[in-house]
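Worksheet: the structure to be examined is printed underneath.
Order of the sequence lines sets the chain letters (A, B, ...), proteins ahead of strands, with each chain counted from 1.
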Amino acid sequence: MRIGVFICHCGSNIAGTVDCPSVAATALTYPDVVFSTDTMYACSEPGQDAIIQAIKDKNLDGVVVASCTPRMHEPTFRRTVERAGLNRYMFEMANIREHVSWIGKTKDLNTGKAAELVRMAVEKLRRDKPLIPKRFETVKRVLVIGGGVAGIQAALDCADGGQEVIMVEREQTIGGKMAKLDKTFPTVDCSSCVLGPKMVDVAQHPNITLYACSEIEAVGGYVGNFQITIRKKATYVNWKDCTGCGLCVEKCPSRKLPDPFNEGLCNAPSINIPFPQAIPKKAAITAASCIMLQKGKCGLCAKVCPVKCIDFEQKDELINVDVGAIVVATGYDLFDWHKYPQYGEGRYPDVITSMQYERMLSASGPTGGHVKRPSDGKEPRNVVFIQCVGSRDKSVDRPYCSGFCCMYTAKQAILTKDHIPDSQSYIFYMDIRSPGKGYDEFTRRATEEYGAQYVRGRVAMIYPKGDKLIVRGADTLAGTQVEVPADLVVLAVGAESAKGAVALGEKLRVCPDQYGFFVESHPKLKPVETNTAGVFLAGACQGPKDIPASVGQGSAAAAKVLGLLSKAMLESDPAVSRVNPARCVGCGKCIQTCPFGAIKEIQDRFGNPKAEVIDTVCQGCGICTVTCPQGAIQLEHFTDNQILAEVNALCPPKMFANYE
Amino acid sequence: MLKIAYYPGCSGQGTSLEYDSSTRAVCRALDIELMDIPDWSCCGSTPAHTVNHVLSSALSARNLAQVEGMGMDKVMTPCPSCLTNLRTAAHKMEDQEFRAKSNALLDVPCKNTVNAQSVLQVLAENVDPELIKSKVVKPLTGIRIACYYGCIMNRPPELMRFDHHENPMAMDNLMTAIGAEVVPFPLKVECCGASYGIPRGDIVARLSGKLLDAGRDVGADAFVTACPLCQMNLDLRQGQINHALRENFRIPVFYYTQLLGYALGLDRAELGFEKLCVDPRLALGKIKQPAQAR
Amino acid sequence: MPAQDVRELRIVGFLCNWCSYGGADTAGVSRFTQPTDLRIIRVPCSGRIDPLFIVRSLMNGADGVLVSGCHPRDCHYAEGNFYARRRLEMLKRFLPITGIDARRFEYTWVSASEGQRWQHVVTEFTRRVHEFGPAPTFNPASEADWNALAVQAGQGQACPCHG
Amino acid sequence: MSTGRFAVPYRKLGMLMQIFDLATSDQAFIAEVEARSHQNIRTCYQCGNCTAGCPYTFAYDYSVSQIMRLIQTGQKDAVLKSRALWLCGSCQSCTTRCPNMIDVAQVMDVCRHMAREAGYATERAVKVFADSFLASVERHGRAYELGLMAAYMTRSGRVFTDVDLAPQVLMRGKLPFKPHPIQGREQVARIFERFRKGGQNA
């Protein structure tokens with residue numbers, strides 16, 4: 001075999017702490033290595049051309065590149081060798097940047113380590129063989145999980161791109177958090193006026209099927225061929241007939257439960273339509289508070305319903321669909337501020353969250369857009385905003401910055417002045433985080449034009465005095481303590497991962513970070529991809545984001561989906577398990593262990609049971625290879641011998657008996 | 001019958017005699033036997049830990065060691081300041097190196113096997129409120145009480161491991177159990193000025209004044225405290241505070257044990273109401289006789 | 001314990017491609033300095049790691065073997081690391097029988113985002129291995145010696161290297 | 001009770017601002033504070049929560065968060081000479097509410113120790129009171145309040161401290177005239193002796 005080795009300097013990234021030329025020299029002494037050199041940037045165009053050239057001149061049949069992590073550039077170099085006429089699997093990478101030059105201090109140790117990693121790669125390459133990928137068709141349908149603004153954007157873009165879209169929303173209506181907002185920064189334009197039309201588009205688009213009050217029950221399959229089970233939760237209303245006239249909502253006698261859409265500022269009837277612009281505009285019954293479902297009498301809604309669409313017998317319904325790609329847009333949840341007992345733990349009614357304040361500001365909200373103290377309905381004069389409630393705070397396990405609180409607080413301060421001209425806002429902040437077009441100017445306006453008083457410091461405690469709330473904080477710039485007698489306190493609560501995100505992640509095989517936000521494939525170069533092919537991320541489920549960023553990511557995810565589904569056929573990774581029928585005894589252990597049901601039992605022509613791998617289903621984990629008592633099933637490109645070759649390269653067998 | 005080692009604390013011998021005696025009376029009434037530490041000494045209080053942590057620890061450890069000598073693993077004290085020192089010592093001594101340093105100062109080394117708790121915690125966690133209710137003979141009906149816990153009874157939570165660090169309820173529950181009306185006092189854990197009464201009276205005047213003011217705001221007839229220092233600052237120094245702030249507070253400040261004892265109908269002599277500076281009758285007078293109450 | 005102060009030891013690492021290998025990359029990208037003794041072999045999933053690989057490494061004179069996969073329930077292949085956990089636990093108990101100090105083998109879970117944790121794991125394990133020092137080795141001069149050794153062992157006499 | 005007004009520390013009224021040379025920041029000092037308090041000072045991001053909660057701020061020259069900042073920048077003198085150290089009541093509100101879980105009260109305590117050791121006592125009365133208290137403990141094994149008061153008055157020269165309280169206190173028998181000596185008082189005294197010999201710092 002004729003192997004060529006290329007040691008990349010990566011500028012000074014590797015060459016800085018690794019003696020690349022000497023590694024190249026050492027490599028030349030390894031078996032089958034006929035050519036070895038060091039290069040400045042292997043991944044650059046000249047770098048790749050040099051590799052191609054060498055393959056041609058030295059007629060190499062295998063290439064090792066020692067550079068960065070294969071998770072970065074393995075695909076790049078595989079294409080390179082392919083362009084030179086080699087099979088893309090006749091290529092190995094040695095990671096001498098992330099695993100050597102960037103973590104080791106001493107140059108000679110690094111150089112030695114690099115040389116050994118190259119040796120491992122060479123030994124493995126010597127046992128590699130060409131692999132040909134299988135081709136398979138994809139289902140031309142997209143699943144969008146979550147109907148917030150990010151999901152809506154992704155769905156509309158995919159639908160406009162000609163793909164069939166299934167949108168699944170857990171709540172009764174789409175619109176997500178944005179639908180609850182009154183105005184949006186930095187333009188202070190009406191949130192529902194911007195979002196409303198898009199929501200209607202979703203409802204009316206011929207390519208989009210919407211399932212509200214629904215959740216993902218199960219996910220099977222693989223890129224291009226996912227099998228999805230959707231649980232459509234019982235709404236006790238036959239949505240096919242419901243016209244959303246709202247008669248039932250008016251008549252419903254039970255108004256026990258706090259209204260989730262209005263953040264508990266008021267109670268909602270048991271049968272309800274969240275808000276006028278809801279999509280779908282259908283009524284649904286909350287079983288927990290429905291007198292009929294709890295006590296078996298009432299049924300007023302059923303009596304008044306003109307189309308008789310109330311159905312107290314309704315049950316959850318399971319729907320199965322096949323899709324080719326999935327966009328996850330499950331958004332975020334607001335931090336539970338009760339973890340700050342010093343802010344009253346709910347003992348003081350006039351301490352509210354920023355989202356509750358949004359509902360209060362909104363004309364469609366419970367107060368009809370009038371700012372009133374929950375305690376006595378009076379109009380507040382001094383409004384205190386406290387930022388970083390559940391952000392940048394280790395003590396509540398939320399060390400990260402939620403990103404958008406600074407901006408929405410500035411917006412709310414401005415709106416407060418608009419609603420109550422003689423009011424005064426105080427904003428306790430740690431730092432103002434306002435990168436973004438027109439953002440910082442916006443926060444300045446809050447101070448300069450609307451007279452918001454920014455105070456740099458956290459708030460230690462809130463306590464009532466008369467009908468006021470005394471907010472005691474610090475002004476670290478003045479270097480002392482400050483007290484503000486407030487009429488209303490608004491907590492700028494931070495963002496945390498959506499409830500159930502982790503559980504959903506398990507179903508999708510998308511791994512969440514320690515705070516429950518989904519991890520993207522690459523922090524810079526693959527922001528919407530995940531490590532599971534065919535599953536993409538959009539919006540705040542990947543990390544706190546404001547509206548523009550979420551919309552942007554929605555479109556980005558859509559672009560990825562359209563790109564994927566535009567291919568007539570997809571190629572399956574040929575690095576899958578293979579059964580050697582001669583060795584297989586048909587014990588079926590592999591069939592039991594395979595997590596994907598990718599192995600089926602067949603009979604050879606003598607009627608003996610044998611295992612057989614379904615290429616397109618196999619994900620190439622290799623669990624079966626370890627399970628097989630006969631060593632009959634081997635994971636291509638990661639066979640026992642290939643891995644053992646790497647082991648032996650590191651720890652040469654000391655004993656006489658050599659297994660190779 | 002619950003047996004617990006008891007550490008009275010120095011002030012129990014002097015400025016808070018009534019706290020000590022009423023505590024003993026109440027415990028007797030509730031079937032808790034106090035085993036006094038035979039030769040207990042001062043825990044060093046605040047001064048010790050502001051000078052050096054090993055010294056402070058040693059002074060507390062001498063007493064913990066005695067409890068170990070009594071073959072007991074739990075000691076209770078009425079005084080939060082003592083409690084903090086005992087618990088801090090125990091906590092720091094979990095570090096072997098520190099424990100060695102601390103023991104090096106002692107004749108009898110401390111094995112650090114004792115858990116120190118406040119009397120309040122024992123009453124709150126080991127006595128059934130229903131039992132207390134059942135024993136009440138003179139319910140405190142008609143009297144409005146502000147429960148003031150002081151700054152270190154529950155803080156820091158990692159160390160004190162008792163009740164809530166921003167809104168403790170132990171005393172509130174006891175007072176409710178004996179029929180008193182508990183007002184929502186907002187500054188339950190705010191500091192009263194602690195031991196600065198003597199060197200910096202102005203500080204105490206301001207801080208304790210703030211507490212009295214807040215109490216008045218929520219219409220309290222009386223304060224109850226669980227801390228000799230707090231009680232002294234609020235009660236004994238109330239005159240000084242009035243003078244300093246040009247105020248005219250006249251709010252009696254009880255130890256919660258005194259009111260418990262009163263409700264349980266214990267011997268007045270042991271409850272030591274006469275030792276209070278602000279006339280207790282201002283509050284006790286408001287108590288409706290059971291007849292009127294109904 | 002910075003490994004470079006003393007002679008490097010031979011530590012083999014088996015890492016799953018999706019979590020731990022990514023974690024090691026993250027550590028590199030964040031420049032979290034680590035001892036250089038470790039050599040990483042990339043496998044698709046910790047479920048692909050045959051205990052044989054580990055035994056072979058140790059038999060061939062590796063001073064330590066470190067295995068790392070995705071956190072339980074986070075496996076890219078749904079359940080690979082559960083299989084891995086069973087097998088590796090089993091191996092841990094089995095190693096002493098072969099006369100190998102089981103403390104020279106460790107397995108752990110590190111996710112792709114946990115660069116810091118990876119640095120800690122590597123540093124700690126390397127320190128531990130350096131405490132034990134180089135693994136005892138034996139190089140029979142000839143096949144005869146080797147057979148003699150086998151006979152001894154057969155007679156139940158202590159193996160010279162593992163005592 | 002006034003609210004809504006800034007409580008201006010008197011440093012701002014009286015003393016002039018100091019200019020710190022950050023280049024000469026005392027690393028050894030930072031290290032010592034961290035070692036003796038077992039706290040990582042660098043995790044403080046100056047949110048001011050300690051200052052916000054601290055009931056004593058009105059009496060301080062430097063607010064707690066400023067003390068933390070001064071430690072971060074290694075301004076040993078400014079810290080050890082500050083009055084704030086001596087006026088901290090160890091009420092734990094800073095420690096309880098710090099978002100970075102720093103035991104701030106502990107840090108204040110440790111700085112106070114270091115100030116003592118360096119021979120500073122910018123709030124002499126407080127120091128004298130503590131000394132008198134411990135002296136009385138050393139002598140009697142327990143705090144003997146009347147004796148303590150006497151000692152404090154003589155040492156501090158503030159002979160009229162709390163005389164206004166004397167009548168009601170004595171009348172109510174709150175201050176026994178005789179101390180309660182205990183058998184073990186030699187043991188207690190020995191604690192102090194050994195301490196002075198050993199000079200433990202922790």
Inset, instruction - Answer with yes or no whether the side chains of D/Ser25 and D/Gln27 bring together a donor and an acceptor at under 3.5 Å. - result: yes
Legend entry - Donor-acceptor contact below 3.5 Å, side chain B/Asp235 vs main chain B/Cys277: yes
Legend entry - Toward chain B, the part of D/Gln168 with a non-hydrogen atom under 4.5 Å: side chain
Legend entry - Contact origin within B/Leu276 toward chain D - heavy atom pairs under 4.5 Å: backbone
Inset, instruction - Please state whether the side chain, the backbone, both or neither of B/Leu207 comes within less than 4.5 Å of a heavy atom of chain D. - result: side chain
Legend entry - Segment of B/Glu158 engaging chain D (4.5 angstrom heavy-atom cut-off): neither
Legend entry - B/Asn52 side-chain N/O to B/Leu55 backbone N/O, donor-acceptor pair under 3.5 Å: yes
Legend entry - Options D/Val188, D/Val128, D/Asp131, D/Thr95, ranked by heavy-atom pairs under 4.5 Å with chain B, top entry: D/Val188
Inset, instruction - Indicate whether the side chain of D/Gln72 and that of D/Arg69 have a donor and an acceptor atom separated by less than 3.5 Å. - result: yes
Legend entry - Which portion of D/Arg116 sits near chain B, non-hydrogen atoms under 4.5 angstrom: side chain
Inset, instruction - Between chain D and each of B/Leu159, B/Leu106, B/Thr15, B/Val189, count heavy-atom pairs under 4.5 Å; write down the option with the most. - result: B/Thr15
Legend entry - Short N-O contact, D/Asp164 and B/Arg237, less than 4.0 angstrom: no
Legend entry - Min side-chain heavy-atom separation B/Val75-B/Tyr6 under 4.5 Å: no
Inset, instruction - Could you look at B/Leu17 and say if it's the side chain, the backbone, both or neither that has a heavy atom under 4.5 Å from chain D? - result: side chain
Inset, instruction - Measure distances from B/Thr84 to the heavy atoms of chain D and classify the residue's part below 4.5 Å as side chain, backbone, both or neither. - result: neither
Inset, instruction - Determine yes or no for a side-chain-to-main-chain donor-acceptor pair under 3.5 angstrom, with B/Tyr7 supplying the side chain and B/Ser41 the backbone. - result: yes
Legend entry - Region of D/Met149 in contact with chain B, defined by heavy-atom distances below 4.5 Å: side chain
Inset, instruction - Flag the one option from D/Ser132, D/Ala105, D/Cys88, D/Cys54 with the top tally of heavy-atom pairs under 4.5 Å to chain B. - result: D/Cys88
Legend entry - Any side-chain heavy-atom pair of D/Leu146 and D/Tyr144 under 4.5 Å: yes
Legend entry - Residue D/Ser90 versus chain B: region with a heavy atom under 4.5 Å: both
Inset, instruction - Among the options D/Arg97, D/Arg158, D/Lys127, D/Glu193, pick out the one with the most heavy-atom pairs lying under 4.5 Å from chain B. - result: D/Arg97
Inset, instruction - Using a strict 4.0 Å threshold on nitrogen-to-oxygen distance, state whether D/Arg196 and D/Glu138 make a salt bridge. - result: yes
Inset, instruction - Identify which part of D/Val137 has an atom lying under 4.5 Å from any heavy atom of chain B, answering side chain, backbone, both or neither. - result: side chain
Legend entry - Side-chain ion pair, B/Glu18 and D/Arg172, N-O less than 4.0 Å: no
Inset, instruction - Cation-pi check, B/Arg206 to D/Phe58: give yes when NZ or CZ is under 6.0 Å from the six-membered ring centre and within 45° of the ring axis, no otherwise. - result: yes
Legend entry - When B/Ile203, B/Val51, B/Thr46, B/Asp217 are compared by non-hydrogen pairs under 4.5 Å with chain D, the top option: B/Val51
Inset, instruction - Pick one of side chain, backbone, both or neither for B/Arg62, based on which atoms fall under 4.5 Å of a heavy atom in chain D. - result: side chain
Inset, instruction - Against chain B, label D/Gln183 side chain, backbone, both or neither, depending on which of its atoms sit under 4.5 Å from a heavy atom there. - result: both
Inset, instruction - Give the member of D/Ala115, D/Pro55, D/Gly53, D/Gly173 that has the highest number of heavy-atom pairs under 4.5 Å with chain B. - result: D/Pro55
Legend entry - Polar side-chain atom of D/Asn100 near backbone of D/Ile102 as donor-acceptor pair, under 3.5 Å: no
Legend entry - Toward chain D, the part of B/Glu166 with a non-hydrogen atom under 4.5 Å: side chain
Inset, instruction - Using non-hydrogen atoms and a 4.5 Å limit, figure out which bit of D/Arg124 sits close to chain B: side chain, backbone, both or neither. - result: neither
Inset, instruction - Please work out whether the ring planes of D/Phe129 and D/Phe133 are parallel, tilted or perpendicular, with thresholds of 30° and 60°. - result: tilted
Inset, instruction - Go through the atoms of D/Pro176 and report whether side chain, backbone, both or neither lie under 4.5 Å from a heavy atom of chain B. - result: side chain
Legend entry - Heavy-atom contact with chain B under 4.5 Å, split by part of D/Leu134: side chain
Legend entry - Most chain B-contacting option - heavy-atom pairs closer than 4.5 Å, from D/Ala125, D/Gly184, D/Gly89, D/Ala130: D/Gly184
Inset, instruction - Just give me the residue among B/Gln240, B/His243, B/His165, B/Glu190 that pairs up with chain D most often, heavy atom to heavy atom, under 4.5 Å. - result: B/Gln240
Inset, instruction - Evaluate the ring planes of B/Tyr19 and B/Tyr255, with Trp represented by its six-membered ring, and classify them as parallel (under 30°), tilted (30 to 60°) or perpendicular (over 60°). - result: parallel
